[in-house]
Q: 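What follows is a structure written as C-alpha cells; I'll ask about it next.
Numbers here simply count residues along the sequence, with the first being 1. FYI, side chains are in, hydrogens and waters are out, and symmetry mates aren't considered; it's all heavy atoms of this structure.
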Amino acid sequence: MFVSRSMTSKVVTLQPDATVLEAQKLMATHHIRHLPVIDGEDRLVGVVTDRDVRSVLPYDCYKNPKCAEGNEKYSRLKVKDIMTVEPFTISPSDTIQDALLLIQEKRIGAFPVGDNTGKLKGIISVRDLLRAFTNVLGIGEPGTLLCILVEEKVGQMKKIVDAITEEGISFGSILVARYWEKDKRAVFPYLLTQNISRVKKKLQEMGYTLLDPMDWYLDQLPKHE
C-alpha cells in the first residue's frame with residue numbers, strides 16, 4: 001500500500017510570515033500537532049509543531065490562546081522563527097512500511113508528503129498509519145488471534161494455512177515474527193471467528209505448540225549485537 005493511498009490529502013497549512021498565535025489557533029481548531037509551512041507556490045519550506053509553539057509561549061498562554069492576545073511580544077513571533085527548516089519528507093510513491101520505519105527511526109509523529117518538485121501533496125501521521133494497518137491486517141472485524149510456534153523451514157506456513165482453511169475458517173491476516181529460540185518462528189494468524197477450539201486441537205495434534213498471544217513480549221527477542 002502506497003503513502004498516497006493512506007496520507008491526509010486535505011492538509012491544513014500556513015505560510016512563513018504567519019504568527020505563532022495563528023499556528024496555535026489552527027492546531028486547536030483542527031486538533032492537529034503538525035502544520036506544514038508552504039510558500040506561495042505550495043512548495044514545502046518547513047514544519048511547525050505544537051512542541052515548537054509550546055517552546056515560545058508560556059504554559060498558560062499555550063492552553064488559552066486569548067491569554068497572549070494583545071501582548072506585543074507574542075504577537076510579533078512568526079512561524080518562520082520557530083519552524084523546522086528542510087524537514088524530513090516522504091514521497092507519495094513510498095509504501096506505508098517505509099513511512100512506519102521512517103517514523104520509528106526519526107521519532108517524529110508525522111511527515112509531510114512531497115513530490116519531486118518540492119510541492120506539498122499531503123501529510124502522513126501515526127494515526128494515518130494505524131488506520132492503514134488496521135485495514136491491511138483485517139483486525140477491524142471480530143476475530144481471534146492465535147500464536148503458533150514453528151520450526152524455521154520451508155513449508156510450515158502452507159501446512160498451517162491448509163489446516164485452518166480446511167476447517168472453513170477465513171483469515172483476517174497472518175504475521176510471522178522472530179522467536180527467542182534459535183531456528184524457530186512465531187506465526188500469528190488472525191482468524192475471523194470466535195470458535196477456534198477445533199482448529200487449536202488440530203494444530204496441536206499436528207505437533208505445533210500454541211502460545212498465548214498475551215504472553216508474547218518483545219523483551220524476550222534476541223538482541224542485535
Side-chain angles (χ1 to χ4, degrees), residues 1-69 71-137 139-140 218 224:
M1 185 181 292
F2 295 109
V3 166
S4 59
R5 297 294 184 89
S6 303
M7 68 185 186
T8 298
S9 300
K10 295 181 179 180
V11 189
V12 180
T13 64
L14 72 177
Q15 296 196 333
D17 284 328
T19 67
V20 170
L21 297 182
E22 288 176 300
Q24 178 192 23
K25 185 175 180 180
L26 281 174
M27 289 179 186
T29 300
H30 296 280
H31 306 288
I32 54 179
R33 296 183 178 182
H34 301 79
L35 283 171
V37 184
I38 58 174
D39 64 14
E41 298 180 352
D42 292 335
R43 286 192 298 263
L44 183 72
V45 295
V47 168
V48 64
T49 69
D50 61 334
R51 181 178 297 180
D52 297 325
V53 174
R54 289 200 309 266
S55 71
V56 295
L57 292 181
Y59 178 80
D60 290 342
C61 291
Y62 175 74
K63 288 295 183 180
N64 177 16
K66 293 184 179 180
C67 166
E69 290 179 1
N71 188 311
E72 186 177 354
K73 174 184 176 181
Y74 301 128
S75 61
R76 288 200 311 263
L77 289 172
K78 303 290 185 181
V79 165
K80 63 184 177 183
D81 298 323
I82 66 169
M83 70 182 187
T84 298
V85 180
E86 298 182 356
F88 294 107
T89 61
I90 196 165
S91 165
S93 59
D94 285 330
T95 66
I96 58 173
Q97 294 94 320
D98 296 325
L100 181 63
L101 290 172
L102 194 57
I103 281 178
Q104 183 181 31
E105 176 189 350
K106 302 301 182 183
R107 299 183 182 277
I108 297 174
F111 283 100
V113 182
D115 64 16
N116 55 12
T117 68
K119 287 193 175 182
L120 182 71
K121 293 298 181 182
I123 190 168
I124 189 160
S125 67
V126 171
R127 182 180 299 178
D128 295 321
L129 290 173
L130 286 174
R131 184 176 62 248
F133 277 102
T134 297
N135 181 51
V136 167
L137 297 177
I139 55 179
L218 294 177
H224 291 291

Q: Over all heavy atoms of both residues, which pair between S6 and D128 is shortest? Give the atoms and the distance, please.
A: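 Minimum heavy-atom separation between S6 and D128: O-CB, 3.6 Å.
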Q: Would you compute the distance between atom CG of L44 and atom NZ of K121 and round it to the nearest 0.5 angstrom?
A: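 Reported to 0.5 Å precision, the distance equals 12.5 Å.
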Q: Give, for atom CD1 of I38 and atom CG of L120, the distance between the pair rounded to the nearest 0.5 Å.
A: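 Rounded to the nearest 0.5 Å, the CD1-CG separation comes to 6.5 Å.
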Q: Quick one: are R131 and T134 in side-chain contact, heavy atoms under 4.5 Å?
A: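 No, their side chains stay 4.5 Å or more apart.
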Q: If you look at every heavy atom in S91 and V113, which pair is closest and at what distance?
A: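 Smallest heavy-atom distance, with atoms named: C-CG1, 3.9 Å.
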Q: May I have the step-by-step check of side chain to side chain contact (heavy atoms under 4.5 Å, CB included) for T8 and S125, ending in yes or no?
A: CA-CA 8 Å; T8 298; S125 67; 5.6 Å; no
Q: Yes or no on salt bridge (Lys or Arg N to Asp or Glu O under 4.0 Å) for R43 and D39, after CA distance, side-chain angles and deciding distance?
A: CA-CA 6 Å; R43 286 192 298 263; D39 64 14; 3.3 Å; yes
Q: Sequence neighbours left out, cut at 3.5 Å: what donor-acceptor pairs do the side chains of residues 98-107 make with other protein atoms?
A:
{"residue": "D98", "atom": "OD2", "partner": "T95", "partner atom": "N", "Å": "2.9"}
{"residue": "D98", "atom": "OD2", "partner": "T95", "partner atom": "OG1", "Å": "3.0"}

Q: How far apart are the closest heavy atoms of V47 and D52, and which atoms are they?
A: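 For V47 versus D52, the nearest heavy atoms are O-OD2, 3.9 Å.
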Q: Closest heavy-atom contact between E41 and K119?
A: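 For E41 and K119, the tightest heavy-atom pair comes out as O-CE, 3.4 Å.
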Q: Report the distance from atom CG of L26 to atom CD1 of I32, rounding to the nearest 0.5 Å.
A: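 Interatomic distance, L26 CG to I32 CD1, rounded to 0.5 Å: 7.0 Å.
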Q: Using side-chain heavy atoms (C-beta onward) and a distance below 4.5 Å, is T49 in contact with H34?
A: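 Heavy-atom side-chain distance check passes, below 4.5 Å.
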Q: Quick check for you: to the nearest 0.5 Å, what is the distance between S93 atom OG and D115 atom CG?
A: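 Answer for the OG-CG pair, S93 versus D115, is 10.0 Å.
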Q: Tell me, yes or no, whether the heavy-atom count around F133 atom CZ, taken from other residues, nucleotides or ligands under 6.0 Å, exceeds 12.
A: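 Yes, CZ of F133 has more than 12 neighbouring heavy atoms, counting only those of other groups under 6.0 Å.
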Q: For M1 versus A132, what's the shortest heavy-atom pair and its separation?
A: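 That would be SD-CB, 4.0 Å.
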Q: With a 4.5 Å heavy-atom cut-off, do M7 and I90 have their side chains touching?
A: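 Side-chain contact under 4.5 Å: no.
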Q: When rounded to the nearest 0.5 angstrom, what distance separates NZ in K78 from CE in M83?
A: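 Reported to 0.5 Å precision, the distance equals 13.0 Å.
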Q: How long is the gap from CG on L57 to CG on D50, to the nearest 0.5 Å?
A: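 Going from CG on L57 over to CG on D50, the span is 11.5 Å.
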Q: Which heavy atom of V12 sits nearest a heavy atom of P36, and at what distance?
A: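 Scanning both residues completely, I find the closest heavy atoms to be O-CD, 3.4 Å.
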Q: Contact between M27 and L35 at the side-chain level, heavy atoms closer than 4.5 Å - yes or no?
A: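 SC-SC contact between M27 and L35 confirmed.
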